Amino acid sequence: MAKELTSMKENYSQWYNDLVVKADLAENSAVRGCMVIKPYGYAIWEKMQAELDRMFKETGHVNAYFPLFIPKSFFSKEADHVEGFAKECAVVTHYRLKNAPDGKGVVVDPAAKLEEELIVRPTSETIIWNTYKNWIQSWRDLPILCNQWANVVRWEMRTRLFLRTAEFLWQEGHTAHATKQEAIDETFKMVNVYASFAENFMAMPVIKGHKSANERFAGALDTLCIEALMQDGKTLQAGTSHFLGQNFAKAFDVKFADKEGKLEYVWATSWGVSTRLMGALVMAHSDDNGLVLPPKLAPFQVVIVPIYKKDDQLKGISEKVAEIEKQLKAEGISVKYDDSDAKKPGWKFAEYELKGVPVRLAIGPRDLENGTVEVARRDTLTKEVVNIEGIEKYVAGLLEKIQDGIYQKALDFRDKHITSVDTWDEFKDVLANKGGFISAHWDDSPETEQKIKDETKATIRCIPFDAVEEKGKCIYSGKPSNKRVLFGIAY
RNA sequence: CGGGGUAUAGCACAGUCCGGUUAGUGUGCCUGCUUUGGGAGCAGGAGGUCGCAGGUUCGAAUCCUGCUACCCCGACCA
């Protein structure tokens, strides 16, 4: 009644928008294309950050911070890079306002024009490589393994909460290496970190692979990615890791003396994931009742709702709940006890389902008498009555089951939506009627990929690492091919 | 950036075509009482520069012009 969701079936994209707003994850702001991430949504992002940050540090990386503004001239130093980003850059041209002549508000002071315009970073390769130049002289200075948590701006035409906003939050790793192989190894290492995070924490299966030349990052020699499948059959790039070769080292003249004293250009990588992962998380698991959050990322894993008629009943329940809370917390489980009298239990049940809290405990007078508690799990919407004795172990086990259960469910869905096709008619049919990933032969040419995109909107999502050598004919051109790649309609 | 739509109370909407009492309805909010195992009931109450800026008119939520934001569909992109 209070918060009705559009159903997924009726209108998937409306369902997503409703859910993000009604579950209190984010909302549109007064600024075009920019969102406000609300506390409940930000709590999930913080959990993602905390785990990713831990994984980065475990793999030898350190955090640093580089400027938001990038001198325009830096941008043009790497040709592919500037071409890739030029169309979506916000530019700072002035540094001062003054009172409007007519006394109404303020205007830009034309006298305060910047000598050189500043670009609001859409990504930081240029400012970082300009900096690394000063940090690197010898092979002893390498590798540099920096990450930064930051906001970036890409002036998008059409925006959607979390999936595509003009400003978004992300992390960008930027590493410098003495050898090509070391940089390539780093690129693979980080895409594996992303895949492990997606699967173990987001409970979202992903496919690791290479991007085709058309989809490659502007300025990279190779882009590795993790690709996920959403419940509407569209695919979503969830993370990327780029082997940049010596492109940026050459553009910014970053050389080091190797062990023989010879000057060599440095090898580079960059890699990132963004708040887009929030969108992926929503679309991977949620249903018509609201969010379904994996226990490892839920702001709180358990909510306890008291059921009572009179205040003295509530007192007795609250005493029992205090014990349960203590036991759960001792197991490392996060708990919220909602004893507010403002809402009825039924309202709370619906609200916490909408917000995706993995486990709900309800305790009433009947339970106090019997020494039991009602346990409801969000993913399956099932309920059972359990003894309070040993509840902490029971809930701990249940949270693991849920984490595993939603992963398995997403994996089954994903695997059912990878379709091998060998004819162009079949390709178009599967794309239009089933969606998901289409595994097909491709002749390796950008022209063919572009033609397929023009005709069907489908692009090559990735060339999977585990693609098997197999003789075949390109789905479109009929030319020879030696492995299948994955096509799909992307977010 | 092109095509279409929308903007009125915290939220969802009616009223706009055809200008004219004090701008309504639902929900939410506040107070009180009764309620509480799946989105409670009754009674009373507060809450509006009708997106912004101009214009037409005795009079504008309503007509005209410009602007802004959001949604949907395309092109672009993580």
Side-chain angles (χ1 to χ4, degrees), chain A residues 1-6 11-14 16-18 21-22 27-35 83-89 102 104-105 122-123 152-172 194 211 214-218 223 225-228 235-242 270-280 289-290 305-311 313-314 317 339-354 360-368 370 372-374 376 381 383 385 453-454 457 459 461 490-491:
Chain A
M1 188 172 64
K3 293 181 173 178
E4 281 293 324
L5 275 183
T6 304
N11 185 338
Y12 190 86
S13 117
Q14 191 63 46
Y16 173 82
N17 291 338
D18 281 3
V21 171
K22 289 179 178 169
E27 62 190 28
N28 280 306
S29 71
V31 186
R32 181 196 186 92
C34 297
M35 65 178 163
E83 198 186 319
F85 286 105
K87 281 181 285 184
E88 49 189 28
C89 286
D102 62 4
K104 290 180 187 167
T123 179
V152 288
V153 168
R154 295 181 189 176
W155 214 261
E156 299 292 345
M157 294 301 172
R158 250 179 95 188
T159 58
R160 290 190 72 190
L161 293 171
F162 290 120
L163 296 174
R164 185 170 298 108
T165 47
E167 179 191 15
F168 56 93
L169 306 184
W170 76 347
Q171 58 69 216
E172 46 182 327
Y194 289 153
K211 282 293 182 192
N214 288 9
E215 299 281 323
R216 198 174 285 154
F217 176 74
T223 289
C225 63
I226 53 171
E227 291 286 324
T235 66
L236 186 135
Q237 176 175 303
T240 49
S241 179
H242 315 290
S270 68
W271 28 273
V273 295
S274 72
T275 38
R276 185 176 229 211
L277 288 180
M278 295 286 294
N289 292 306
V305 176
I307 289 155
Y308 59 96
K309 286 199 170 68
K310 290 174 190 145
D311 280 353
Q313 275 182 339
L314 175 61
I317 291 167
D339 62 347
S340 120
D341 196 38
K343 302 290 181 193
K344 288 183 63 179
W347 191 93
K348 293 176 185 173
F349 291 176
E351 180 68 9
Y352 292 116
E353 268 162 26
L354 180 63
R360 181 186 72 232
L361 305 183
I363 305 184
R366 228 153 54 207
D367 294 302
L368 281 192
N370 303 335
T372 58
V373 57
E374 183 191 82
L381 294 168
K383 292 194 283 202
V385 175
K453 185 180 179 184
D454 292 343
K457 291 183 207 162
T459 49
R461 300 322 305 151
Y491 265 99

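Each chain gets a letter, A, B and so on, in the order its sequence line appears, and its residues count up from 1. Computed from a predicted model, the values in this text were never measured in an experiment.
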_Run Lys22(A) and Glu27(A) through salt bridge (charged side-chain N to carboxylate O under 4.0 Å, His left out) and show every step you take._
CA-CA 9 Å; Lys22(A) 289 179 178 169; Glu27(A) 62 190 28; over 6 Å; no
Task: side-chain hydrogen bond (donor to acceptor under 3.5 Å, both in side chains) between Ser270(A) and His242(A), worked out - done: CA-CA 5 Å; Ser270(A) 68; His242(A) 315 290; 4.6 Å; no
Letter by letter from the 5' end, nucleotides 72-78 of chain B scores (B base, S sugar-phosphate only, - none; protein heavy atoms under 4.0 Å) SBBBBBB
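Separating the CG atom of Leu314(A) from the P atom of G37(B) is a distance of 14 Å, rounded to the nearest angstrom. Remark: C1' of G37(B) and OH of Tyr308(A) are 13 Å apart, rounded to the nearest angstrom. Between the NZ atom of Lys343(A) and the C1' atom of U27(B) there is a distance of 11 Å, rounded to whole Å. As a whole-Å value, the separation of Lys310(A) NZ from C33(B) C1' is 15 Å. As a whole-Å value, the separation of Trp347(A) CH2 from G37(B) P is 15 Å. Distance, Leu5(A) CG to G39(B) P: 17 Å, rounded to whole Å. Between Lys344(A) atom NZ and G37(B) atom C1' there is a gap of 10 Å when expressed in whole angstrom units. The CG atom of Asn28(A) sits 15 Å away from the C1' atom of C11(B) (whole-angstrom rounding).
When both pairing distances are held under 3.5 Å, C70(B) makes a Watson-Crick or G-U pair with G5(B). Across all strands shown, A43(B) forms a Watson-Crick or G-U wobble pair, both distances under 3.5 Å, with U31(B). A53(B) is paired with U65(B) under the criterion used here, namely a Watson-Crick or G-U wobble arrangement in which both key atom distances are under 3.5 Å. Across all strands shown, C17(B) has no partner, as no Watson-Crick or G-U wobble contact with both distances under 3.5 Å is found. The nucleotide A75(B) finds no pairing partner, because no Watson-Crick or G-U wobble arrangement with both distances shorter than 3.5 Å includes it. Within the shown strands, A12(B) is the pairing partner of U25(B) under the Watson-Crick or G-U definition, both distances less than 3.5 Å.
At least one test fails for Lys344(A) against the ring of Trp347(A): distance under 6.0 Å to the centre or angle within 45° of the axis.
For the P atom pair drawn from C13(B) and A78(B), the interatomic distance equals 34 Å after rounding to whole Å. For the C1' atoms, the distance from G47(B) to U8(B) is 14 Å, rounded to whole Å. Spacing of C1' atoms, U49(B) relative to G45(B), comes out at 24 Å, to the nearest Å. Distance check on atom C1': A14(B) versus C72(B) gives 23 Å, rounded to whole Å. Taking atom C1' on both nucleotides, U27(B) is separated from A46(B) by 16 Å, rounded to a whole Å. For the C1' atoms, the distance from C71(B) to U31(B) is 39 Å, rounded to whole Å. Taking atom P on both C63(B) and G44(B), the two are 36 Å apart, rounded to the nearest angstrom. If you take atom C1' in A9(B) and the same atom in A23(B), they sit 11 Å apart, rounded to whole Å.
Within the nucleic acid shown, Gly279(A) has no heavy atom closer than 4.0 Å to any nucleic acid atom. Nucleic acid contact for Pro365(A): base, since at least one base atom lies under 4.0 Å from a heavy atom of the residue.
At G37(B), none of the side-chain N or O atoms of Lys309(A) fall inside 4.0 Å of OP1 or OP2 (strictly under the cut-off).
For the pair Arg360(A) and Glu353(A), the salt-bridge criterion is met [side-chain N within less than 4.0 Å of a carboxylate O]. Looking at Glu227(A) and Lys211(A), a side-chain N of the basic residue comes within less than 4.0 Å of a carboxylate O on the acidic one, giving a salt bridge.
Remark: the Lys383(A) side chain and the G38(B) base include a donor-acceptor N/O pair separated by less than 3.5 Å.
Side-chain contact annotation: Tyr308(A) with Asp341(A), donor-acceptor N/O pair under 3.5 Å present.
For Ile307(A), the side chain to side chain contact (heavy atoms under 4.5 Å, CB included) test picks out Pro345(A), Phe349(A), Ala362(A), with sequence neighbours left out. By the side chain to side chain contact (heavy atoms under 4.5 Å, CB included) test, Asn11(A) is found to be paired with Thr6(A), Ser13(A), Gln14(A), residues two or more places apart in sequence or in another chain being considered.
For the pair Ala350(A) and Leu161(A), both in contact range of RNA chain B, the more 5′-proximal nearest nucleotide belongs to Ala350(A).
Taking the ring centroids of Phe217(A) and Phe85(A), they lie under the 6.0 Å cut-off.
Proximity note for Ile307(A) (side chain, C-beta onward) versus G39(B), U35(B), G37(B): the nearest is G37(B).
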